[in-house]
Amino acid sequence: MSLDSIPIHVVPPGEPGLTGNAPPLLRELLEMVRRLLETGEPSAIDLSALPLTPADLDWLRDKLGAGEISVTLQANGESTLNETACPGVWWVTHHNEQGAVTSQFIEVAFVPDLVKAHPQDVEIGSGYLELLVSDL
Amino acid sequence: MQGPLIDTLARRGVTRRTFLKYCATLASMMALPPTAGRAMAEAMAAARRPSVIWLPFQECTGCTESITRSHSPTIEGMIFDMISLDYQETLMAAAGHQAEEALHAAMQDNAGKYLLIVDGSIPLGQDGAYSCIGGRSNVDILKEAAQGAAAVIAVGSCASFGGIPKANPNPTGAVSVSDLVKDKPIVNIPGCPPIPVVMTGVLAHYLTFGSLPELDDKGRPKSFFGETIHDRCYRRPFYDQGKFAKTFDDEGARQGWCLFELGCKGPVTHNACATVKWNGGTSWPVESGHGCLGCSEPDFWDGGGFYKALSAPADPLKFAAAAAVVGAGAGVAVSVANRVKKSAAKATHETTTLADLEK
């Protein structure tokens, strides 16, 4: 029996449009970028913690534009860290293994932390290189 | 297998970046500032495994299932594996005297430092004889184990509030952990079963900050239980528009309208199902077409019927007051409908019973 015979068609509630919650974020980003320049301190906005509709997010993404660097991370699902047209402002989206968005941030940093290699991991890498060299 | 958590995770194929990403999402779910994800990852990566003793009392093992039997190995499950789980009847290989020895060894070696997890309620009737382990009653074991614990985590509605064993008429005299333990910090993680990530969140918070997260008046972590199901329900716009399913197979149900009138307890239930969802984010009860049962609230089993709208009055004489307490537009609408029924009954000189007012 095919599921098509069950006459249920879920109609999603109409997508609410712009709420006006996105524009103030641009001001906050400006503050954060200034702080990065003055003190070198990185910061972030947690987009999933704010009442933003998909339309708001589209508006924000459109305003910030696309930059030159896109980083893709394969770790328990895909993550993308894309620089926007404003250097130092990164749009970070984490997906789970099923492809659903688990969290979304705008990070203000010269390089997002997630991209940098951790010294302990570099140490493990150097151990591996030593092993390769010793086999030469 | 002692050592920092990150090494153990690495051995299981979880890279540091995977862990950082997980912590960023966890911090976001816990409504912590975005930078907390990194602090959390650093603290947890370096953490030594805390000793955890898990005591199952009057329970169905559903809570253990929820946390350990995800369809694929999750990081929640792995973190859970990483803690030094020194006693858990369902998971441990040891049995009988060996198991009891492990319990006592863990309690002695880590006195004052171990976390005590409890699932299931504790029966007090017949001197606690309704539920015993190794010939000792649950209440005895709990009192002894709580003495040396740093904190107690009550997992599931039974341990938190008494749950189904406590349901009227409560034949075993079941009570919750907080009814018995008064001198230790207690975190309640209710739900039938509770959401796995809430448990990891509490553990992560404890490992990161050395303290338990902020709790609400029922002892639940505010970050997960701060809002109602209704607050975050994707069907909320239909509620606001006054569009309600009247039966489970009418046009409204097919269109995915609000299930308030079919007894959804979302408006009075604090839990994170609407945002975290279940089964790896696949779905959750309301999305599957059934109202919320309110399983993370005290005495949900005795709430007066899963399919009775919230505003349906418990006492016909006080129905106006009941509707006012709920204060919801739709609630008023239901009670107005009830009032019409009542006056119709009056007009025909029939006696109005509670059954007449129920849907």
Side-chain angles (χ1 to χ4, degrees), chain A residues 6-16 28 32 41-51 53-54 71-81 90 92-109 112-125, chain B residues 4 6-7 10 13-38 41-42 45-46 71-75 78 197 223 232 234-241 243 249 251-258 275-277 279-282 287 289:
Chain A
I6 303 175
I8 293 182
H9 309 283
V10 173
V11 183
E15 284 295 349
E28 194 175 338
M32 288 161 70
E41 189 194 331
S43 40
I45 296 176
D46 183 353
L47 293 174
S48 29
L50 297 170
T53 61
V71 180
T72 313
L73 167 71
Q74 299 293 346
N76 203 23
E78 192 177 274
S79 294
T80 51
L81 302 96
W90 302 76
V92 181
T93 311
H94 296 309
H95 299 267
N96 63 13
E97 273 164 339
Q98 287 81 38
V101 175
T102 53
S103 55
Q104 207 164 190
F105 302 90
I106 299 178
E107 270 193 61
V108 176
D113 267 331
L114 210 49
V115 178
K116 293 182 203 161
H118 192 281
Q120 277 178 11
D121 293 342
V122 176
E123 233 171 78
I124 295 170
Chain B
I6 194 75
D7 292 350
V14 177
T15 66
R16 187 182 299 271
R17 288 198 180 94
T18 305
F19 186 60
L20 265 170
K21 172 177 165 174
Y22 174 76
C23 287
T25 305
L26 189 61
S28 170
M29 276 182 194
M30 294 183 76
L32 294 168
T35 45
R38 191 151 178 252
E42 273 171 18
H71 63 287
S72 61
T74 59
I75 298 191
M78 287 191 195
V197 74
S223 42
R232 301 301 294 266
Y234 77 105
R235 296 196 185 198
R236 177 64 185 262
F238 292 123
Y239 175 89
D240 294 336
Q241 292 161 21
K243 289 180 174 165
D249 57 357
E251 192 54 29
R254 284 186 197 113
Q255 303 272 342
W257 288 358
C258 178
T275 44
V276 178
K277 300 194 186 179
N279 296 326
T282 308
E287 193 172 339

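Residue numbering restarts at 1 for every chain, and letters A, B, ... go by the order of the sequence lines.
If you take NE2 on A/H94 and CG on B/L20, they are separated by 9.0 Å, rounding to the nearest 0.5 Å. Here the CG-CZ distance, from A/D113 to B/R17, works out to 10.5 Å after rounding to the nearest 0.5 Å. Here the CD-NZ distance, from A/E78 to B/K21, works out to 8.0 Å after rounding to the nearest 0.5 Å. Distance check, rounded to the nearest 0.5 Å: OG1 of B/T15 to CG of A/L73 gives 7.0 Å. B/Y22 OH to A/T102 OG1: the interatomic distance, rounded to the nearest 0.5 Å, is 10.5 Å.
B/R236 CZ: more than 12 foreign heavy atoms inside a 6.0 Å radius.
Across B/S28 and A/F105, no two heavy atoms sit closer than the pair CB-CZ, 4.1 Å. Here the closest heavy-atom approach between residue A/D121 and residue B/R16 is recorded as OD2-NE, 3.0 Å.
Using a 4.5 Å cut-off between heavy atoms, A/A44 touches chain B through backbone and side chain atoms alike. When heavy atoms are compared at a cutoff of 4.5 Å, A/V115 approaches chain B solely by way of its backbone atoms N, CA, C and O. Looking at A/I124, there are no atoms closer than 4.5 Å to chain B (heavy atoms on both sides), in backbone or side chain. Both the backbone and the side chain of A/D46 come within less than 4.5 Å of a heavy atom of chain B.
Listed options A/E107, A/Q104, A/H95 were ranked by heavy-atom pairs under 4.5 angstrom with chain B; first place goes to A/H95.
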